[in-house]
Amino acid sequence: MNIPFIPFLDRWRKRHAAEPEPGLAAAFEDDPQGVAELLSECELLRSQAATAGLELDDTPASLGALDQLLPRWRDDPELLPWLGNDAGLYLGSVIVRTVPGATWHVWPGGSPVVRLASGREIQVVEAGLDWAVHGAPELSQVYAEASET
């Protein structure tokens, strides 16, 4: 079958292909609860914790338990950034669920942060990556600082 060439359609495709996808920030504006649920999944972290015999129950105590895990993931450079990202999102989810006034906020570039009632923002993904790579700051420490304000 021979499909005819339609010049205006080709120009339309090129113009619309250059437009950026709406991304996480736009999705967050449309459905903040749905995005918060998505951010809290953290499947890789939950899987790694379960392998170590730890069930993550979205409580501050679970952050302390994560801090005590033997960091076997550091032996896998491909796993490390993904696990760190999940650790940060899990930290953020615990803060949002347990610290009064804490909410998710997504910057226009798509980076999720936790905004405290005071207006202070915590870059939880960055904290999770630092924890996964270096072990510090501990997740429970970041939580404690967030809960004090």
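We use all heavy atoms of the structure for the numbers below, so side chains are in, but hydrogens, waters and symmetry mates are not. Just so it is clear, the structure is predicted and the values come from calculations on it, not from any experiment.
Residue Ile122 holds its CD1 atom at 7.0 Å from CG of Leu91, rounded to the nearest 0.5 Å. Going from atom CH2 of Trp82 over to atom CG of Asp76 covers 12.5 Å, rounded to the nearest 0.5 Å. With rounding to the nearest 0.5 Å, the separation of CH2 in Trp131 from CG in Leu139 is 5.0 Å. Taken to the nearest 0.5 Å, the OG atom of Ser111 stands 6.5 Å off from the CD atom of Gln123. The line from CZ of Arg115 to OG1 of Thr103 is 6.5 Å long, rounded to the nearest 0.5 Å. A distance of 10.0 Å separates CH2 in Trp104 from CG in Leu38, rounded to the nearest 0.5 Å.
Leu69 places a side-chain heavy atom less than 4.5 Å from the side chain of Leu54. When side chains are defined from C-beta on, Val124 does not count as touching Pro112, because their heavy atoms never get closer than 4.5 Å. The closest side-chain heavy-atom distance from Leu39 to Val96 is not below 4.5 Å. Proximity of Leu66 to Tyr90: side-chain heavy atoms (C-beta onward) are separated by under 4.5 Å at one or more points. The shortest distance between side-chain heavy atoms of Val133 and Leu80 falls below 4.5 Å. Using a 4.5 Å heavy-atom cutoff, the side chains of Leu83 and Gln48 are in contact.
For the pair Asp67 (side chain) and Ser140 (backbone), a donor-acceptor distance under 3.5 Å is present. Asp86 places a side-chain N or O within donor-acceptor distance of the main-chain N or O of Leu44, the cut-off being under 3.5 Å.
Smallest separation of non-hydrogen atoms from Leu116 and Ala146: CD1-O, 3.9 Å. Taking every heavy atom of both residues into account, Ser40 and Arg97 meet most closely at OG-NH2, 3.3 Å. Nearest heavy atom pair, residue Ala87 against residue Leu45, reads CA-CD2, 3.7 Å. The minimum heavy-atom distance between Val94 and Pro60, with the atom names listed, is CG1-N, 3.7 Å.
Checking each of Ser62, Ser93, Ser47, Cys42 against Leu56 for a side chain to side chain contact (heavy atoms under 4.5 Å, CB included) leaves exactly one that passes, namely Ser62.
Residues Asp57 and Arg46 are not paired through a salt bridge, judged by the lack of any N-O separation under 4.0 Å between the basic side chain and the carboxylate.
Remark: Arg74 CZ is packed, more than 12 non-hydrogen atoms of other residues, nucleotides or ligands lying under 6.0 Å away.
For Asn85, the side-chain contact (heavy atoms from CB on, under 4.5 Å) partners are Leu89, Val125, not counting sequence neighbours.
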